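All values below come from the heavy atoms of this structure, side chains included, with hydrogens, waters and symmetry mates left out. The shown structure was predicted, so the numbers you read here are calculated from the model rather than taken from an experiment.
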Amino acid sequence: MSGFLLNRLSQSIVLLVIVSIIGFTVLNLMPGGPLAQFGLDPGMTQKDVERLATQLGLNRPLWIQYLDWAWRLLQGDWGHSFRDGSSVLAVIGRHLLATLLLMGTSTALAIAVGTWIGIRGATHRYSLFDYCATIGAMVALSVPTFWFGLIGIYIFTLKLGWVPAGNMYTIGDGSVLDYLHHLILPSLVLSLVHVAIWSRYMRTATLDALSQDFVKTARAKGVSERRILLKHVVGNALLPMITLAGMQLPSILTGALVTETVFTWPGMGRLFLDSLGYSDYPVVMGLLIFSAILVVLGNLIADIVIATVDPRIRLG
């Protein structure tokens, strides 16, 4: 088990280094460079921009800039925002809870609903429910997330008035019920695509488990279908779903970026777009690395969990 963990950990570290190199290079080679926003200030002369570049060390070779940035990152210094001078970690921290709340709620919904749809579709194969679930999944996977968001706002906010159109809370309220009220529509929209993905994988995994010899043996012994399903089938079908949960983290983060923009949700996705528009490169780079760490950590935890429950993985 220790060898398996060390192997996965080393792969994760290498992946983070590659992501950081690519992200740092792309951002610094963009037109205008990190100081593009300062060049738009009419009060800034070319000499001012050059002096600022010298102070920030941006006139050095790119590889030296990267090594300096990486070393400071390892020491806990993620840089400071060009916008207000705040620490990048402090800026990310102010938006982290909102994103985790949205991602956690939508993921829980996707797993719960998608698992139920997948199991029912497998146990009622080629039924009306199965066909409707398949068509619904194809539609959810084909339509962009922002379109679902706009349609949701039009129907449930403008026409029915059931939920707010955006933001995380009502100014002057801030109660738990108010937070939940604002969370309903964004979490439902973000979970739609993942319900579709989860349900299709769960259906396939359940059908595969139902075709195994141990299920046939249990039926031959007279075990009820309900007991077979709950005790033997679901547990085996959920094993590949653990890996899927880790693999879905990048798409959930991407979906959160779009959803937060549509619903003006004050999370990391909206912060990323705002910082990119302002050319606040320290914050953009910090968000890229932080998101990569979340994804790698999620996959690492998923690997550990599945290796714990299935010894074949760590022995392979």
Side-chain angles (χ1 to χ4, degrees), residues 19 23 26-27 30 32 36-37 40 81-84 86 88-110 139-171 174 178-197 248-295 298:
V19 169
V26 170
L27 284 178
M30 289 178 65
Q37 190 65 27
L40 300 177
S81 170
F82 286 163
R83 189 179 305 189
D84 56 9
S86 300
V88 170
L89 281 178
V91 174
I92 294 176
R94 290 197 295 265
H95 297 79
L96 177 61
L97 180 60
T99 294
L100 291 180
L101 180 62
L102 179 60
M103 286 177 55
T105 305
S106 61
T107 301
L109 282 172
V139 171
L141 291 171
S142 303
V143 178
T145 303
F146 74 87
W147 189 86
F148 279 125
L150 295 176
I151 294 299
I153 292 174
Y154 177 76
I155 295 176
F156 298 108
T157 301
L158 297 180
K159 292 299 182 181
L160 300 177
W162 289 354
V163 290
N167 293 319
M168 190 175 176
Y169 58 89
T170 303
I171 297 177
D178 184 60
Y179 275 96
L180 293 176
H181 194 208
H182 284 77
L183 181 63
I184 292 173
L185 194 55
S187 60
L188 286 176
V189 169
L190 182 57
S191 65
L192 274 176
V193 173
H194 304 290
V195 167
I197 296 174
Q248 285 296 299
L249 274 176
S251 61
I252 294 174
L253 280 170
T254 304
L257 187 150
V258 177
T259 305
E260 288 175 3
T261 303
V262 172
F263 292 98
T264 60
W265 189 265
M268 294 196 305
R270 188 180 173 196
L271 173 65
F272 179 82
L273 290 179
D274 290 345
S275 300
L276 198 59
Y278 191 81
S279 297
D280 195 350
Y281 285 8
V283 175
V284 173
M285 194 63 204
L287 285 169
L288 285 175
I289 295 302
F290 194 84
S291 301
I293 291 174
L294 285 180
V295 172

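- Proximity of a side-chain donor or acceptor of H181 to a complementary backbone N or O of Y169 within less than 3.5 Å is not detected.
- The CH2 atom of W147 sits 11.5 Å away from the OG atom of S142 when rounded to the nearest 0.5 Å.
- Listed by chain and residue number, nothing satisfies the side-chain hydrogen bond (donor to acceptor under 3.5 Å, both in side chains) test with T157 (two or more places apart in sequence, or in another chain).
- In this structure, CE in M285 is found 10.5 Å from CG in L287, a value given to the nearest 0.5 Å.
- When all heavy atoms are compared, the tightest approach of A98 to M168 is CB-SD, 3.7 Å.
- Annotation: the span from L288 atom CG to F272 atom CZ amounts to 5.0 Å, rounded to 0.5 Å.
- Between the side chain of S106 and the main chain of M103, a donor-acceptor pair closer than 3.5 Å is present.
- Two residues are said to be in side-chain contact when any heavy atoms from C-beta on lie closer than 4.5 Å; W162 and I184 fail this criterion.
- Nearest heavy-atom pair, G269 versus E260, reported as atom, atom and distance to 0.1 Å: N-OE1, 2.6 Å.
- When all heavy atoms of S187 and L102 are compared, the pair lying nearest together is N-CD1, 3.7 Å.
- Within the 4.5 Å cutoff, side-chain heavy atoms of I153 are placed close to those of V262.
- By the 4.5 Å heavy-atom criterion applied to side chains, T259 and F263 are counted as neighbours.
- Put simply, the side chain of T107 does not reach to within 4.5 Å of the side chain of S191, judged on heavy atoms.
- Between S81 and V91, the closest heavy-atom pair is CB-CG2, 4.5 Å.
- Note that CH2 of W265 is 5.5 Å distant from CG of L101, once rounded to the nearest 0.5 Å.
- Residue L271 comes nearest to I92 through the heavy atom pair CD2-CA, 4.4 Å, listed as atom of the first residue, atom of the second, then distance.
- Separating the CG atom in L100 from the OG1 atom in T105 is a distance of 10.0 Å, to the nearest 0.5 Å.
- Within the 4.5 Å cutoff, side-chain heavy atoms of M268 are placed close to those of H95.
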Going through the distances and angles, do Y278 and V283 end up as a side-chain contact (heavy atoms from CB on, under 4.5 Å)? CA-CA 10 Å; Y278 191 81; V283 175; over 6 Å; no
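- A292 and V19 make their closest contact through CB-CG1, 3.9 Å (heavy atoms, listed as atom of the first residue, atom of the second, distance).
- Using a 4.5 Å heavy-atom cutoff, the side chains of P164 and T170 are not in contact.
- The line from CG of L185 to NE2 of H182 is 11.0 Å long, rounded to the nearest 0.5 Å.
- More than 12 non-hydrogen atoms from other residues, nucleotides or ligands lie less than 6.0 angstrom from OH of Y179.
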Between D274 and R83, does a side-chain contact (heavy atoms from CB on, under 4.5 Å) hold up when you go through it step by step? CA-CA 11 Å; D274 290 345; R83 189 179 305 189; 4.0 Å; yes
